[in-house]
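Here is the structure we will look at.
In this chain, residues are counted from 1 in sequence order.
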Amino acid sequence: MKQILRAKIYGDSIMKGTILDAGYRYHAIMNEYLIKLYDRFGIEAENRARFGITVQRGHSILLRDIDEGLDCELALVEFGGHLPLTSMADFKQNIAAMTEELRAQGVQPIMMTLPPIEPNRYLDFVSRNGNSRENILKWLGYVEKIYETHKSYSDAVAEIAQERMVPLVDVRSAFPSGDALGEYMCIDGVHPDKKGYQLIADSFASFFEKALA
C-alpha cells in the first residue's frame with residue numbers, strides 16, 4: 001500500500017497555478033500537477049494558495065489553520081514580494097515566522113525560489129490600458145529594475161532557507177535567462193505558461209525523488 005504524505009501549500013498566484021490566456025482571462029491549473037504529484041509520490045496536497053495575496057495574508061491563513069489544527073506532515077511556503085505592499089523586512093519576518101510556526105506544529109516546512117519575471121513583457125502588460133510606459137519608467141529608472149527587485153525577494157527566500165535549514169526547491173534555476181525566458185511565460189510577464197509550470201513541476205519531482213529515496 002502506498003504511504004500517503006499529507007501536505008498543504010501556502011502561496012500566492014504562482015502556486016495557485018495561474019495562467020493568463022490570449023483574452024486576458026486568468027485560469028488556475030495547479031490541480032493537474034497536484035494529481036500527478038499524488039500518483040507518483042503519494043503526496044496528497046491541499047492547496048491554500050490564493051491569487052494576488054501578500055505574504056502577510058498568507059501568514060494569517062496559516063495561523064487560522066493552526067488554530068483549527070494542522071492535519072499534514074509537509075507544508076510548502078511560497079510568496080513573492082508585492083512592493084509597495086510588502087517591504088523586504090516584513091517579507092523576511094513573515095516567511096521566517098511561518099517556517100518556525102510550522103515546525104512548532106510538527107510539520108516539515110519546504111520553501112521554493114521564485115520563477116523569474118520577464119520585465120519587458122510585464123511593462124507592456126501594465127501599460128496596455130493607457131498607463132504611460134514613459135511615466136512608469138521614470139518611476140522605475142530602468143526596465144531591468146523590475147527583474148532585479150523581484151529577484152531580491154527570491155534571493156531572500158534562499159537565504160532564509162539556508163539560515164533556518166529548511167529544504168529548498170530551486171525552481172528559479174530551471175528557467176532560462178535572456179530572450180528564451182519569454183517562451184515559458186504568459187503575456188503578463190509574471191506568471192509561467194504551461195511550459196513554465198512544467199519546469200516547476202519537474203523541479204519538485206526531482207526534489208521529492210531525492211528526499212523520499
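- One hydrophobic cluster holds both Y24 and V126 under the rule that ILVMFWY side chains link at heavy-atom gaps under 4.5 Å.
- Here the CE-CD1 distance, from M112 to I9, works out to 9.5 Å after rounding to the nearest 0.5 Å.
- Minimum heavy-atom separation, Y197 to G17: OH-C, 3.4 Å.
- Ring geometry for Y153 versus F91: interplanar angle over 60°, hence perpendicular rather than tilted (30 to 60°).
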Considering only distance and modelled atom types, tabulate donor-acceptor pairs under 3.5 Å from the side chains of residues 171-182, sequence neighbours left out.
{"residue": "R172", "atom": "NH1", "partner": "L114", "partner atom": "O", "Å": "2.8"}
{"residue": "S173", "atom": "OG", "partner": "D170", "partner atom": "O", "Å": "3.2"}
{"residue": "S173", "atom": "OG", "partner": "D170", "partner atom": "OD2", "Å": "3.0"}

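- The CG atom of D12 sits 6.5 Å away from atom CZ of F79, with the distance rounded to the nearest 0.5 Å.
- Nearest heavy atoms, R121 versus M185: NH1-O, 2.9 Å.
- A 6.0 Å sphere centred on CD of E100 holds more than 12 heavy atoms belonging to other residues, nucleotides or ligands.
- Pairs passing the salt bridge (Lys or Arg N to Asp or Glu O under 4.0 Å) check and including a residue from residues 195-213, sequence neighbours excluded, read R40-E209.
- Looking at S13, its side chain never comes within 3.5 Å of a backbone N or O of K16 through a donor-acceptor pair.
- Shown here are the ring-ring contact (aromatic ring centres under 6.0 Å, His included) partners of Y26, two or more places apart in sequence or in another chain: F51, H191.
- The closest side-chain heavy-atom distance from P167 to F207 is below 4.5 Å.
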